Amino acid sequence: MPEIIVDSFAGGGGASTGIEWALGRSPDIAINHSPAAIAMHRLNHPRTKHYCENVWKVDPLEATGGRPVGLAWFSPDCTHFSKAKGGKPRSKKIRGLAWVVYHWAKAVRPRVIVLENVEEFATWGPLLSDGKPDPARAGFTFRRWWRQIENLGYQVDARELRACDFGAPTTRKRLFVIARCDGHPIQWPEPTHGPGLQPYRPAAECIDWSIECPSIFGRKRPLADATLRRIARGVMRYVVHARQPFLVVTLRGTEDSHIAASARSAAEPLRTVTAQGSQGGLVAAFLAKHYGGHEGPGTPLQLPLDTVTARDHHSLVHAFLLKYYGTDQDPRLEDPLHTITGKDRFGLVTVQGERYRIADIGMRMLQPRELYRAQGFPENVKLLGSKSSQVELCGNSVCPPLAAAIVRANMVEAAQEQVA
């Protein structure tokens with residue numbers, strides 16, 4: 001009988017999309033407790049049999065119907081392992097979801113098993129009475145879980161991999177555990193992007209430059225001080241002091257700002273900027289990060305996006321530049337926070353020897369479609385649900401290019417059939 005494929009904790013379908021790229025078909029079975037996740041997964045993988053259930057309530061023998069399982073992919077909830085949870089208490093029940101891997105391995109013996117989780121999964125151990133991990137026993141439960149799978153006749157190996165090394169425009173790093181029982185060695189895919197290989201895909205290619213970026217000045221609800229500090233640090237690093245600011249040609253009308261040309265490097269010749277509406281100019285852009293307690297300057301658009309989380313934590317910042325003819329007041333750069341919050345322009349920027357002044361600063365949060373691009377999803381992925389639901393599913397998803405690389409490496413025969 002032909003082997004079937006199972007995607008447990010299927011979420012929005014990142015692993016399933018990668019599996020489809022590698023093998024030419026979607027998983028036969030997808031399991032997730034969330035109706036929103038299953039609805040979006042069904043929209044993109046209509047031929048898959050879907051179980052909107054707690055993973056423990058799905059009987060492996062009944063679900064597979066006696067058919068052999070070639071691949072079983074598991075991406076259990078990572079929030080109660082992730083360092084992003086800080087010092088909050090953890091749930092033993094949620095941390096124990098990975099035991100479902102053992103349950104499936106014992107019941108139907110998939111030929112290849114892949115588990116994806118945050119790096120901290122390797123520190124899985126008992127909790128103290130206050131719900132916090134016991135530092136003295138870090139990794140105890142993880143090693144026990146590993147041995148239990150080995151005792152079923154599997155060889156097991158684990159590595160941390162970054163999605164940007166396999167063609168996704170995000171630096172997202174995750175721990176992957178591969179187990180197989182067919183006698184063939186575990187194979188780890190070779191990176192395709194990075195130094196000496198294909199160049200990393202930049203965050204800039206994920207951005208929809210046609211979306212308006214409202215000014216940070218004069219808002220009905222002023223931005224928080226921490227947000228303003230992040231913007232100030234980013235503007236200083238990636239605009240004022242940058243040797244090669246990331247530039248976009250913009251045309252500014254009387255009411256709205258819109259982007260009229262694609263993104264480009266300051267290393268290229270500067271094209272003539274024509275006026276349309278009230279004025280024309282340049283935009284120097286970068287990404288700000290709004291993680292709790294984080295007040296760094298953000299990241300440049302020339303690099304891959306940082307990890308996409310289940311909450312909307314990335315914003316695009318535009319510094320609108322206009323040609324400086326020497327008639328403006330002298331800039332005050334020594335105190336960027338106060339200047340940004342108190343004036344509509346604050347400094348001079350030199351671009352290829354030409355002087356520009358910052359006339360305005362805009363900021364907007366990245367939209368779901370942009371985040372899915374960063375995660376490595378195809379452009380035709382269908383999104384469903386509210387914006388917050390779409391962002392949550394994206395942040396919890398597996399990067400499809402990385403999933404595809406792992407599956408190709410360990411399902412060689414099936415992948416070769418797809419190529420043929």
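None of these values were measured; they are calculated from a predicted model. Any value given below was found using the heavy atoms of this structure, including those in side chains, with hydrogens, waters and symmetry copies removed.
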Mind checking whether [X] and [Y] have side chains closer than 4.5 Å, heavy atoms only?
{"X": "P35", "Y": "C52", "value": "yes"}
{"X": "F9", "Y": "D77", "value": "no"}
{"X": "Y154", "Y": "P110", "value": "yes"}
{"X": "I31", "Y": "D7", "value": "no"}
{"X": "N44", "Y": "K382", "value": "yes"}
{"X": "F176", "Y": "I406", "value": "yes"}
{"X": "I231", "Y": "M363", "value": "yes"}
{"X": "F320", "Y": "I361", "value": "no"}

Where do [X] and [Y] come nearest, in terms of heavy atoms and distance?
{"X": "L301", "Y": "P202", "result": "O-CB, 3.3 Å"}
{"X": "P195", "Y": "Y200", "result": "CD-OH, 4.0 Å"}
{"X": "R172", "Y": "T307", "result": "CA-OG1, 3.4 Å"}
{"X": "F74", "Y": "V101", "result": "CG-CG2, 3.7 Å"}

Worksheet item: Is any NZ, NE, NH1 or NH2 atom of the basic residue among E370 and R364 found under 4.0 Å from an Asp or Glu carboxylate oxygen of the other?
Response: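 Here E370 pairs with R364 in a salt bridge, since their nearest N and O are under 4.0 Å apart.
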To the nearest 0.5 Å, how far apart are [atom1] in [X] and [atom2] in [Y]?
{"X": "L115", "Y": "S8", "atom1": "CG", "atom2": "OG", "result": "10.0 Å"}
{"X": "H45", "Y": "I19", "atom1": "NE2", "atom2": "CD1", "result": "8.5 Å"}
{"X": "E392", "Y": "L371", "atom1": "CD", "atom2": "CG", "result": "13.0 Å"}
{"X": "E20", "Y": "I5", "atom1": "CD", "atom2": "CD1", "result": "10.0 Å"}
{"X": "L223", "Y": "L228", "atom1": "CG", "atom2": "CG", "result": "5.0 Å"}
{"X": "N151", "Y": "R144", "atom1": "CG", "atom2": "CZ", "result": "11.0 Å"}

Discussion item. Can you tell me how the ring of H41 sits relative to the ring of H50, calling it parallel under 30°, perpendicular over 60° and tilted otherwise?
Written reply: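 Aromatic pair H41/H50 classed perpendicular.
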Would you find a donor on one side and an acceptor on the other, under 3.5 Å apart, between the side chain of [X] and the backbone of [Y]?
{"X": "S397", "Y": "C394", "value": "yes"}
{"X": "Q367", "Y": "M365", "value": "yes"}
{"X": "R95", "Y": "G125", "value": "yes"}
{"X": "T48", "Y": "P27", "value": "yes"}
{"X": "T123", "Y": "E120", "value": "yes"}
{"X": "R90", "Y": "K88", "value": "yes"}
{"X": "R237", "Y": "A242", "value": "no"}
{"X": "W145", "Y": "A98", "value": "yes"}

Side-chain donor/acceptor pairs under 3.5 Å, residues 61-72, sequence neighbours excluded:
from: T64; atom 1: OG1; to: P60; atom 2: O; distance (Å): 2.7
from: T64; atom 1: OG1; to: L61; atom 2: O; distance (Å): 3.4
from: R67; atom 1: NE; to: T64; atom 2: O; distance (Å): 2.8

Scan the side chains in residues 177-191 for donor-acceptor partners under 3.5 Å anywhere in the protein, sequence neighbours excluded, and list what turns up.
from: R180; atom 1: NE; to: D182; atom 2: OD1; distance (Å): 3.0
from: R180; atom 1: NE; to: H184; atom 2: O; distance (Å): 3.4
from: R180; atom 1: NH1; to: P185; atom 2: O; distance (Å): 3.4
from: R180; atom 1: NH1; to: N410; atom 2: O; distance (Å): 3.4
from: R180; atom 1: NH1; to: N410; atom 2: OD1; distance (Å): 3.2
from: R180; atom 1: NH2; to: D182; atom 2: OD2; distance (Å): 2.7
from: R180; atom 1: NH2; to: N410; atom 2: O; distance (Å): 3.4
from: D182; atom 1: OD1; to: H184; atom 2: N; distance (Å): 3.1
from: D182; atom 1: OD2; to: R111; atom 2: NH1; distance (Å): 3.0
from: W188; atom 1: NE1; to: D157; atom 2: OD2; distance (Å): 2.9

Worksheet item: Where do Y51 and N32 land on the side chain to side chain donor-acceptor pair (under 3.5 Å) test, with the steps shown first?
Response: CA-CA 6 Å; Y51 289 84; N32 197 284; over 6 Å; no
Worksheet item: Does the ring centre of F121 sit less than 6.0 Å away from the ring centre of F142?
Response: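 Yes: the rings meet the under 6.0 Å criterion.
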Item to complete: Indicate, with yes or no, if the rings of W146 and W124 have centres closer together than 6.0 Å.
Response: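 Ring-ring flag for W146/W124: false, centres at least 6.0 Å apart.
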Worksheet entry | Passing candidate, side chain to side chain contact (heavy atoms under 4.5 Å, CB included) with K289, options L305, D306, T309 |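 Output: one option passes, namely D306.
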Worksheet entry | CA sep, side-chain torsions, deciding dist, call: E205, R373, salt bridge (charged side-chain N to carboxylate O under 4.0 Å, His left out) | CA-CA 8 Å; E205 70 177 65; R373 288 174 187 149; over 6 Å; no
Worksheet item: When you look at D28 and K49, which way does the salt bridge (charged side-chain N to carboxylate O under 4.0 Å, His left out) test go after all the steps?
Response: CA-CA 6 Å; D28 299 271; K49 183 176 182 180; over 6 Å; no
Practice prompt. Answer yes or no on whether R137 is positioned over the face of F140, meaning its NZ or CZ is under 6.0 Å from the six-membered ring centre and within 45° of the axis.
Written response: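 Yes, cation above the ring, under 6.0 Å and within 45°.
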Item to complete: Dump the intermediate steps for side-chain contact (heavy atoms from CB on, under 4.5 Å) on L161 and K173, then the final yes or no.
Response: CA-CA 6 Å; L161 300 175; K173 182 169 66 173; over 6 Å; no
No-hydrogen, no-angle side-chain donor-acceptor test under 3.5 Å, [X] and [Y]:
{"X": "S215", "Y": "D360", "result": "yes"}
{"X": "Y238", "Y": "R233", "result": "no"}
{"X": "T192", "Y": "Q198", "result": "no"}

Practice prompt. Output, in order, the C-alpha distance, side-chain angles, deciding distance and verdict of side-chain contact (heavy atoms from CB on, under 4.5 Å) for V407 and V114.
Written response: CA-CA 9 Å; V407 172; V114 181; 5.7 Å; no
Practice prompt. Apply side-chain contact (heavy atoms from CB on, under 4.5 Å) to H318 and F286, showing your working.
Written response: CA-CA 7 Å; H318 283 179; F286 66 94; over 6 Å; no
Item to complete: Just do the side-chain contact (heavy atoms from CB on, under 4.5 Å) check on W209 and L316 with the steps written out, would you?
Response: CA-CA 10 Å; W209 299 101; L316 179 69; 4.1 Å; yes
